[in-house]
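Below is one structure; the comments refer to it alone.
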Amino acid sequence: MVVSSSNSNKEISVRRRIASIYNKRQEDFPSLKEYNDYLEDVEDMIFDLVAGVDVPAIEEKIAKYQKENAEQIMLNQAIKAEELAAALAASKAYPGQADADGSSQGGFSIETMQYAPSVPGGQPRPTGMAPQPLPLGGTDMLDDEEMMRLRAERGGRAGGWSMELSKKRALEEAFSSIWI
């Protein structure tokens with residue numbers, strides 16, 4: 001089955017939007033069955049929005065849910081941002097350097113976030129608090145087709161690819177296949 005990129009982009013944007021609103025966790029439910037029912041309802045809404053089935057009624061349901069659960073939505077978004085920040089900090093830590101008490105070896109201190117000089121007697125590296133990571137997602141990060149095309153183009157150029165190179169290669173391959 002072939003899925004067009006515009007449909008998948010639409011589904012991705014719908015999923016991001018719905019996930020930012022319907023962001024309850026398993027801990028928020030008394031039983032696993034209730035949590036699974038919640039997830040099933042969310043997936044049904046996503047499917048219907050992507051397929052264009054009864055969109056006004058679903059949008060009304062989303063708006064009502066968002067109004068009634070605004071505080072819990074904000075709380076869950078904050079928890080997710082904290083977890084992402086902790087995961088980012090953990091991924092940047094140097095494995096094998098931290099001792100059991102949390103201190104580290106080799107001039108890097110997790111508690112103070114300070115670095116040792118780069119070379120003995122050389123210029124010291126910046127000290128102080130590390131910049132806090134920004135939360136991912138949100139309403140200000142809308143990915144439309146133009147943004148995705150731009151990212152793909154920049155990624156290709158960063159890897160050394162260019163449109164001219166592609167055209168030149170295609171022409172060379174086409175002419176090399178001609179037997180005289």
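The heavy-atom pair separating N76 from D28 by the smallest distance is ND2-OD2, 3.6 Å. Among all heavy-atom pairs drawn from I73 and Q66, the shortest one is CD1-CA, 3.9 Å. What you find for K24 and Y65 is that their closest heavy atoms are CE-OH, 3.3 Å.
Rounding to the nearest 0.5 Å places CD of E11 at 12.0 Å from CD1 of I18. Rounding to the nearest 0.5 angstrom, the gap separating the CZ atom in R16 from the CD1 atom in I21 is 14.5 Å. To the nearest 0.5 Å, the span separating OG on S31 from CG on N36 amounts to 8.5 Å. Distance check: N69 CG to N23 CG gives 9.5 Å after rounding to the nearest 0.5 Å.
The side chain to side chain donor-acceptor pair (under 3.5 Å) test applied to K33 returns D37, not counting sequence neighbours.
Listed for the Q26 side chain is no donor-acceptor partner under 3.5 Å among the backbone atoms of L32.
Between Y22 and Y38, the ring-plane angle classifies as tilted under the 30° and 60° cut-offs.
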In a table with atom names and distances, give each donor-acceptor pair under 3.5 Å that connects a side chain of residues 42-62 to protein atoms at least two apart or in another chain.
residue : atom : partner : partner atom : Å
E43     : OE1  : R15     : NH1          : 3.3
E43     : OE1  : R15     : NH2          : 2.9
E43     : OE2  : R15     : NH1          : 2.8
E59     : OE1  : R17     : NH2          : 2.5
E59     : OE2  : R17     : NH1          : 3.3
E59     : OE2  : R17     : NH2          : 3.3

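Y35 and I79 fall into different hydrophobic clusters, where Ile, Leu, Val, Met, Phe, Trp and Tyr residues are linked whenever their side-chain heavy atoms come under 4.5 Å apart, directly or through other members.
The environment of CZ in R25 is crowded: more than 12 heavy-atom neighbours from other residues, nucleotides or ligands sit within 6.0 Å. For E71, the CD atom counts as loosely surrounded, since its 6.0 Å shell holds 12 or fewer non-hydrogen atoms of other residues, nucleotides or ligands.
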